[in-house]
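Take a look at the structure below.
Computation of the quantities below employed the complete heavy-atom set of this structure, encompassing side-chain atoms and omitting hydrogens, waters and symmetry-equivalent molecules. A note on names: the letters A, B, ... follow the listed sequences, proteins ahead of strands, and every chain is numbered from 1.
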Amino acid sequence: MADKPRFFITTAIDYPNSRPHIGTAFEKIGADVQARYRRMQGYDVFFLMGNDENTIKVVKRARELGKEPQAYCNEMADQFKEVWRALNISNDDFIQTSEPRHHAGCQQFIQKVFENGHIYKGSYEGWYCEGCEEFKTEKQIKEAGGVCPNHNTPPVRRSEPCYYFALSKFQDRLLRFYEDNPDFIQPESRRNEIVSLVQTELLDVNITRSGQNWGIRVPFDDSYTIYVWFDALLNYVTGIGYGTEAERFAHWWPADVHFIGKDITRFHCALWPAMCFAAGIAPPRRVFGHGFVYRKDDASGDRIKESKTLGNVTDPMDIITRFSGEAFRYYFMRECPFPGDGDFSWLRFAEVYNSDLANNLGNLYSRVLRQISLNYGTVLEGTAGQAPEVINSEGSVHTAVAEVQQHLEACQYNQALQKIWLLILDPANRYADRTEPWKLVKQDKEAAKKVLYNLVEPLRQGAILLKPFIPRAAEVIYRSFNFSRPWEEVRYEDVVTRPAQTEPLRLLADLPDGKPKPLFPRIA
RNA sequence: GGCGGCGUAGCUCAGCGGUUAGAGCAGCGGCUUCAUAAGCCGCGUGUCGCUGGUUCGAUCCCAGCCGCCGCUACCA
């Protein structure tokens with residue numbers, strides 16, 4: 001195990017104020033595809049997700065429901081996990097920031113930064129709403145026309161003592177860091193925004209609040225709790241044992257990639273590395289700010305504003321129930337470019353599902369299996385040791401795999417998937433039509449057997465290539481045959497270098513009436 | 001206002017100095033029937049946002065303009 005390269009992946013932790021929506025699911029799937037791909041390629045992967053619970057809103061929401069904050073958080077965490085399970089997200093851990101391990105690690109971290117001299121006491125002055133019992137930003141007040149957006153009352157100017165993190169001291173070091181690590185911020189377009197922001201001016205950040213019971217106490221002054229980002233970002237280290245399991249932390253840190261929404265790149269690309277510098281740990285290696293997905297109206301083609309108050313939020317579970325978790329994964333990875341924004345519409349979803357999954361992949365699987373079972377029972381005798389002929393006329397399989405990998409590693413999932421269809425699956429359907437094994441079998445049963453043997457190959461290749469994207473369907477395809485390489489051990493290289501078939505090819509799929517169950521039943 | 005991005009077929013996008021600008025989906029026509037009424041073949045005269053410039057040559061480089069969008073810090 002020690003010689004395996006390790007790979008530590010995280011996603012943003014989510015607010016448990018409401019259930020997960022399609023945007024949060026998009027992020028988790030994108031991260032999961034990467035995690036699954038890296039595992040296949042021999043990395044020792046740790047994939048961390050979680051919920052961000054130390055906020056005043058949690059307390060308010062819990063109170064509204066007549067619950068204890070902790071109980072509320074746990075219930076919400078269960079709801080999140082339920083959705084992630086339905087989407088077959090392979091996270092290794094799920095951290096709740098209300099957990100003791102997070103509290104302990106967090107306190108140790110802030111203490112360290114304090115001792116290193118990067119935290120000082122000052123005071124925060126801003127617009128305070130007495131109804132909300134919290135400070136409002138200039139922007140919030142301005143947008144609401146000079147009043148509190150919640151209470152419609154004018155805020156008061158208020159000043160309160162607090163602790164600051166001396167972010168401004170890290171300006172030069174951050175700029176040097178970006179220069180030395182040009183790939184740190186992904187995608188590239190986000191990079192300029194951050195660099196110019198840091199170049200302009202870095203302001204110290206207020207990292208404490210007073211008068212709160214819920215949250216993490218500041219160890220060097222327990223009348224304060226740690227405020228927002230200084231707490232939330234730390235889940236990435238407390239989740240792997242910072243402050244509680246030194247050895248484990250040393251093994252996994254720094255993170256190879258943080259997957260986050262593009263709206264919070266600033267905190268991850270400027271504040272977070274500076275916090276790491278201040279605490280004397282390495283900064284993360286890469287931050288990937290993905291795009292957003294929007295709901296699109298089928299009739300008008302317009303983007304719909306989803307909001308809790310309007311009650312029109314699309315629940316991922318509705319989509320999963322109507323189609324499947326695999327279909328959900330496929331749609332968002334194929335249809336929405338991960339670095340950019342994308343749209344979801346029910347109509348489009350059904351189109352993509354039927355066209356790519358049911359008609360193309362699913363039907364290819366069905367027709368090949370059916371031909372074999374119809375004419376040869378379950379065994380293609382004499383195929384042991386035989387190598388299938390290459391039927392891909394679009395270019396070499398080697399090139400196809402290289403292209404898919406390149407896209408996968410750049411998180412261009414939509415392009416990776418398009419390549420799999422274009423270079424592996426489509427040619428197989430064409431080959432079947434060209435060779436017509438259903439006719440050939442009547443004249444030359446041996447020749448038809450060969451054709452079918454050749455047709456199994458793109459199914460094997462497709463299953464391997466699709467494993468990170470639609471792991472369940474890929475597994476069903478792969479396990480329908482007695483391929484020599486165990487499913488758990490397949491790698492992308494196996495697509496090109498086919499492990500020798502020691503036994504004659506055999507169908508292991510469940511075949512009621514000689515027909516396989518449809519992988520993706522067509523939706524009317 | 002400042003910095004940055006985008007504008008390519010009905011839709012989603014690829015291409016980013018050089019033969020007739022490409023894919024998928026949708027649409028239309030034909031073939032086929034092994035298969036999930038699936039598959040295959042054929043069909044696009046698109047001002048590559050507009051106007052100039054650089055170049056032997058620009059969708060791809062530069063400038064200006066028009067239209068969208070992001071960031072411009074303490075809500076995560």
Side-chain angles (χ1 to χ4, degrees), chain A residues 12-15 17 52 54-57 124 126 132 134-140 149 162 164-165 167 187-207 227-233 260-267 270-271 289 291-292 296 301 334-337 340-343 345 347-348 351-352 354-375 412 414-415 417-419 421-422 426 428-441 448 451-452 455 515-524:
Chain A
I13 50 175
D14 297 303
Y15 257 177
N17 301 355
D52 181 11
N54 297 322
T55 80
I56 187 142
K57 284 177 187 161
Y124 178 76
C132 296
E134 64 184 23
F135 284 99
K136 298 287 166 187
T137 63
E138 289 284 347
K139 201 172 159 188
Q140 285 174 311
C162 67
Y164 277 93
F165 169 56
L167 177 61
E188 182 74 26
S189 55
R190 297 270 143 219
R191 186 187 158 77
N192 303 328
E193 290 177 5
I194 299 300
V195 171
S196 67
L197 174 85
V198 173
Q199 266 169 347
T200 314
E201 196 194 5
L202 277 182
L203 265 45
D204 293 346
V205 301
N206 173 201
I207 56 167
Y227 183 54
V228 294
W229 284 110
F230 215 87
D231 155 357
L233 287 164
I260 56 158
K262 61 181 181 180
D263 54 333
I264 54 176
T265 42
R266 206 178 58 221
F267 302 100
L271 176 60
F292 294 147
K296 204 169 182 180
R334 173 66 186 85
E335 203 55 18
C336 309
D341 296 342
D343 295 304
S345 91
L347 198 66
R348 185 70 189 146
E351 271 176 13
V352 170
N354 279 335
S355 149
D356 292 359
L357 295 178
N359 297 352
N360 209 301
L361 172 62
N363 184 58
L364 175 67
Y365 170 81
S366 292
R367 69 196 302 207
V368 171
L369 263 71
R370 178 60 178 154
Q371 278 295 298
I372 294 174
S373 80
L374 194 63
N375 298 302
Q412 293 164 331
N414 59 335
Q415 293 184 56
L417 286 168
Q418 188 174 15
K419 288 286 176 197
W421 259 256
L422 233 48
D426 292 344
N429 269 319
R430 261 180 254 131
Y431 176 82
D433 274 62
R434 197 163 64 230
T435 52
E436 302 182 303
W438 50 91
K439 282 184 184 167
L440 187 60
V441 73
V451 163
L452 288 170
L455 271 169
K515 289 181 173 189
K517 272 178 289 190
L519 280 180
F520 296 98
R522 228 185 116 82
I523 302 284

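The main-chain N or O of A:Val352 is never found under 3.5 Å from a side-chain atom of A:Ser355 such that the two would form a donor-acceptor pair. Proximity of a side-chain donor or acceptor of A:Asn414 to a complementary backbone N or O of A:Glu335 within less than 3.5 Å is not detected. Looking at A:Asp52, its side chain never comes within 3.5 Å of a backbone N or O of A:Asp14 through a donor-acceptor pair.
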Nucleotides 28-39 of chain B: protein proximity per nucleotide (B base, S sugar-phosphate only, - neither; heavy atom, under 4.0 Å): -----SBBB-SB
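Between A:Asp204 and A:Glu193, the residue anchored nearer the 5' end of RNA chain B, judged by the nucleotide with its closest heavy atom, is A:Glu193. If A:Ser196 and A:Arg334 are placed on RNA chain B by their nearest nucleotide, the residue sitting closer to the 5' end is A:Ser196.
Nearest heavy-atom pair, A:Phe520 versus A:Ala358, reported as atom, atom and distance to 0.1 Å: O-CB, 3.3 Å. The minimum heavy-atom distance linking A:Pro516 with A:Ser366 is given by the pair CG-CA, 3.9 Å. Across all non-hydrogen atoms, the minimal contact from A:Tyr164 to A:Asn206 is CD2-N, 3.5 Å.
Rounded to a whole angstrom, the distance from the P atom of B:G29 to that of B:A38 is 16 Å. Rounded to the nearest Å, the gap between the P atom of B:U55 and that of B:C50 is 23 Å. Atom P of B:G46 sits at a distance of 25 Å from the matching atom of B:C41, rounded to the whole Å. If you take atom C1' in B:C66 and the same atom in B:A14, they sit 26 Å apart, rounded to whole Å. Atom name P, nucleotides B:C11 and B:A26: the rounded distance is 16 Å, in whole Å.
Atom-to-atom, CD of A:Gln199 to C1' of B:G4 comes out at 13 Å; the value is rounded to the nearest Å. Regarding A:Gln418, its CD atom lies at a distance of 10 Å from the P atom of B:C25, rounded to whole Å. The interatomic distance linking A:Ile260 (CD1) with B:C71 (C1') rounds to 13 Å, in whole Å. With rounding to whole Å, A:Arg348 atom CZ is found 12 Å from B:C11 atom P. If you measure from atom CG of A:Leu271 to atom C1' of B:C74, you get 9 Å, rounded to the nearest angstrom. Rounded to whole angstrom, the span from the CG atom of A:Asp341 across to the P atom of B:G7 amounts to 14 Å. Following rounding to the nearest Å, A:Asn414 (CG) and B:C25 (P) show an atom-to-atom distance of 15 Å. If you take CZ of A:Phe292 and C1' of B:G70, they are 10 Å apart, rounded to a whole angstrom.
A:Arg522 and A:Asn363 share no donor-acceptor pair across their side chains, judged by distance under 3.5 Å alone.
Contacts of A:Trp421 with the nucleic acid, taken as non-hydrogen atoms under 4.0 Å apart, are absent.
In this structure, A:Lys419 does not reach the B:A14 phosphate: none of its side-chain N or O atoms is under 4.0 Å from OP1 or OP2. Residue A:Tyr227 places at least one side-chain N or O under 4.0 Å from the OP1 or OP2 atom of B:A76.
Across all strands shown, B:C71 pairs with B:G2; the Watson-Crick or G-U wobble distances both stay below 3.5 Å. Pairing for B:G42 goes to B:C28, judged as Watson-Crick or G-U wobble with the two contacts each under 3.5 Å. B:G52 and B:C62 make up a base pair, with Watson-Crick or G-U wobble contacts both under 3.5 Å.
Considering only the side chain of A:Tyr15, B:A76 comes nearest among B:C25, B:A76, B:A23.
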